[in-house]
2 protein chains.
Amino acid sequence: MGITKAAHYSAEQNELAGIIKALGHPARIAIVDYLLTVDSCICGDIVNELHLAQPTISQHLKELKNAGIIKGTIEGNAICYCINETAIEGLKNYFNGILKKLENKKFNCC
Amino acid sequence: MGITKAAHYSAEQNELAGIIKALGHPARIAIVDYLLTVDSCICGDIVNELHLAQPTISQHLKELKNAGIIKGTIEGNAICYCINETAIEGLKNYFNGILKKLENKKFNCC
DNA sequence: AATGTTTATCGTAATATTGCAATATAATAA
DNA sequence: TTATTATATTGCAATATTACGATAAACATT
């Protein structure tokens, strides 16, 4: 990013943008896709699934975790990552809220 | 962004990440917020609302438009921007789909 | 035609992101 | 203890994003 002026926006706008930004990369969409397909969630095999080096995956996982989109717990040697349902619900509600506001608008002219 | 390897992901993943990324900035969240509050959508006053210079706003509007999140039509001298309901529905459906998949998963252990 | 108004584009500086090799850390296995 | 395995961190090069001043383009008004 460049020089984002976070101070100009509300806390809600900054937080929401942060969460959404975390999903705004195909690798991280792919990680979420993958977490949904596997029934176990010991997820070292993400490195084999995506064509990215292990440090790169680790970095993407960290960003998803910081944004609250995934949760991780230590499972002995490995780490268990899974999707944080609450965060996804929050995003669904945000977009649903936009749709409801659009219904109440007098003009959405374009 | 750095060196994103778009070729490694599916067309759906790339497209979705692009749309989501467009909303992953507080200024663009604020623009969407603002478009929802005004009943007219002649939107030159976005420049007064957000604390950003006119070229910066124009650039953000362009990105939102490229991503399909807003639509713009020429209204004489000015331009009328409004939210593209279809795109928002798509995003809502994506997150709703994740929630449904989570319900069907045997383990979401974390 | 000349002026003003509104939005877009260009060029560029400052900063952020992406990806990876090398290395570190932490737990397990031999 | 010494490997081995799994994940994280560091450091860096390549690239992308953000913001803005200057300017252009398009239309409206006088």
Side-chain angles (χ1 to χ4, degrees), chain A residues 1-9 13-14 17-18 20-31 34-35 38 40-67 70-82 110, chain B residues 1-9 13-14 17-31 34-35 40-67 70-82 110:
Chain A
M1 207 191 297
I3 318 158
T4 301
K5 298 183 167 181
H8 292 162
Y9 312 103
Q13 287 167 340
N14 281 318
I20 292 178
K21 186 168 73 174
L23 271 176
H25 189 284
R28 297 194 285 268
I29 292 283
I31 287 172
Y34 182 69
L35 285 178
V38 281
S40 154
C41 51
I42 307 291
C43 297
D45 43 355
I46 296 179
V47 177
N48 302 321
E49 195 69 13
L50 308 193
H51 301 233
L52 291 172
Q54 180 269 323
T56 308
I57 298 284
S58 186
Q59 204 172 310
H60 283 305
L61 287 168
K62 189 180 178 185
E63 279 176 60
L64 286 171
K65 194 176 176 187
N66 285 342
I70 62 175
K71 293 179 288 187
T73 53
I74 297 171
E75 290 269 329
N77 199 7
I79 291 210
C80 168
Y81 277 119
C82 5
C110 310
Chain B
M1 207 191 301
I3 317 158
T4 302
K5 299 183 166 182
H8 292 163
Y9 313 103
Q13 288 168 339
N14 281 317
I19 296 170
I20 291 177
K21 186 168 72 175
L23 271 176
H25 189 284
R28 297 195 285 269
I29 292 283
I31 287 171
Y34 182 68
L35 286 177
S40 155
C41 52
I42 307 293
C43 297
D45 43 357
I46 296 180
V47 177
N48 301 321
E49 195 69 13
L50 307 193
H51 301 232
L52 290 172
Q54 180 269 323
T56 308
I57 298 284
S58 187
Q59 204 172 311
H60 282 306
L61 288 168
K62 189 181 177 185
E63 279 177 59
L64 286 171
K65 194 177 175 188
N66 285 342
I70 63 175
K71 293 179 287 186
T73 54
I74 297 171
E75 291 269 327
N77 199 7
I79 291 209
C80 168
Y81 277 118
C82 6
C110 310

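Per chain, numbering begins at 1; letters A, B, ... match sequence-line order.
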Item to complete: Tell me whether the OP1 or OP2 atom of C:dT7 has a side-chain N or O from B:Ser58 closer than 4.0 Å.
Response: no
Item to complete: Look at B:Lys21 and C:dT17 and indicate whether a side-chain polar atom (N or O) is within less than 4.0 Å of OP1 or OP2.
Response: no
Discussion item. Whether A:Tyr81 contacts D:dA8 is assessed here as follows: a side-chain N or O lying under 4.0 Å from the phosphate OP1 or OP2. Is that the case?
Written reply: yes
Worksheet, complete the sentence: Note: for B:His60 and B:Pro55 on DNA chain D, the residue whose nearest nucleotide lies more 5' is B:His60
Worksheet item: B:Leu50 versus B:Thr56: any side-chain heavy-atom pair under 4.5 Å?
Response: no
Discussion item. Using side-chain heavy atoms (C-beta onward) and a distance below 4.5 Å, is B:Gln54 in contact with B:Ser58?
Written reply: yes
Worksheet item: Would you say the side chain of B:Gln59 and the base of C:dC10 hold a donor-acceptor pair, judged only by whether the two atoms sit under 3.5 Å apart?
Response: no
Discussion item. Using whole Å, what does the distance between atom P of nucleotide D:dA6 and atom CD1 of A:Ile57 come to?
Written reply: 15 Å
Practice prompt. Check whether any side-chain heavy atom of B:Ile29 sits under 4.5 Å from a side-chain heavy atom of A:Ile20, and report yes or no.
Written response: yes
Discussion item. At less than 4.0 Å, is any side-chain N or O atom of B:Lys62 found next to OP1 or OP2 of C:dT7? Yes or no.
Written reply: no
Practice prompt. Using whole Å, report how far CG of B:Asn66 lies from C1' of C:dT9.
Written response: 14 Å
Discussion item. Could you check whether any side-chain heavy atom of B:Ile79 comes within less than 4.5 Å of a side-chain heavy atom of B:Leu61, counting everything from C-beta outward?
Written reply: no
Worksheet item: In which stems does DNA chain D show up, taking only runs of three or more Watson-Crick or G-U wobble pairs whose two distances fall under 3.5 Å?
Response: C:1-30 with D:1-30
Practice prompt. Figure out the NZ/C1' separation between B:Lys65 and C:dT7, and round it to whole Å.
Written response: 11 Å
Fill in: Atom-to-atom span, CG of B:Asp45 to P of C:dT5 - whole angstrom
16 Å
Practice prompt. In whole angstrom, give the distance that lies between atom CG of B:Leu52 and atom P of C:dT7.
Written response: 15 Å
Discussion item. Would you compute the distance between atom NE2 of A:His60 and atom CD1 of A:Ile70 and round it to the nearest 0.5 angstrom?
Written reply: 11.5 Å
Item to complete: Establish, with yes or no, whether the OP1 or OP2 oxygen of D:dT17 is under 4.0 angstrom from a side-chain nitrogen or oxygen of A:His25.
Response: no
Worksheet item: Within this structure, what is the CD-to-P distance between B:Glu63 and D:dA19, rounded to whole angstrom?
Response: 10 Å
Item to complete: Determine the interplanar angle of the B:His25 and A:Tyr9 rings, folded into 0 to 90°, and report it as parallel if under 30°, tilted if 30 to 60°, perpendicular if over 60°.
Response: perpendicular
Fill in: Distance test, side-chain N/O of B:His51 to OP1/OP2 of D:dA19, below 4.0 Å
no
Discussion item. I need the CG-C1' distance between B:Leu64 and C:dA8, as an integer number of Å.
Written reply: 16 Å
Discussion item. Assuming nearest nucleotide by heavy-atom distance, tell me which of A:Arg28 and A:Gln54 is located more 5' along DNA chain C.
Written reply: A:Arg28
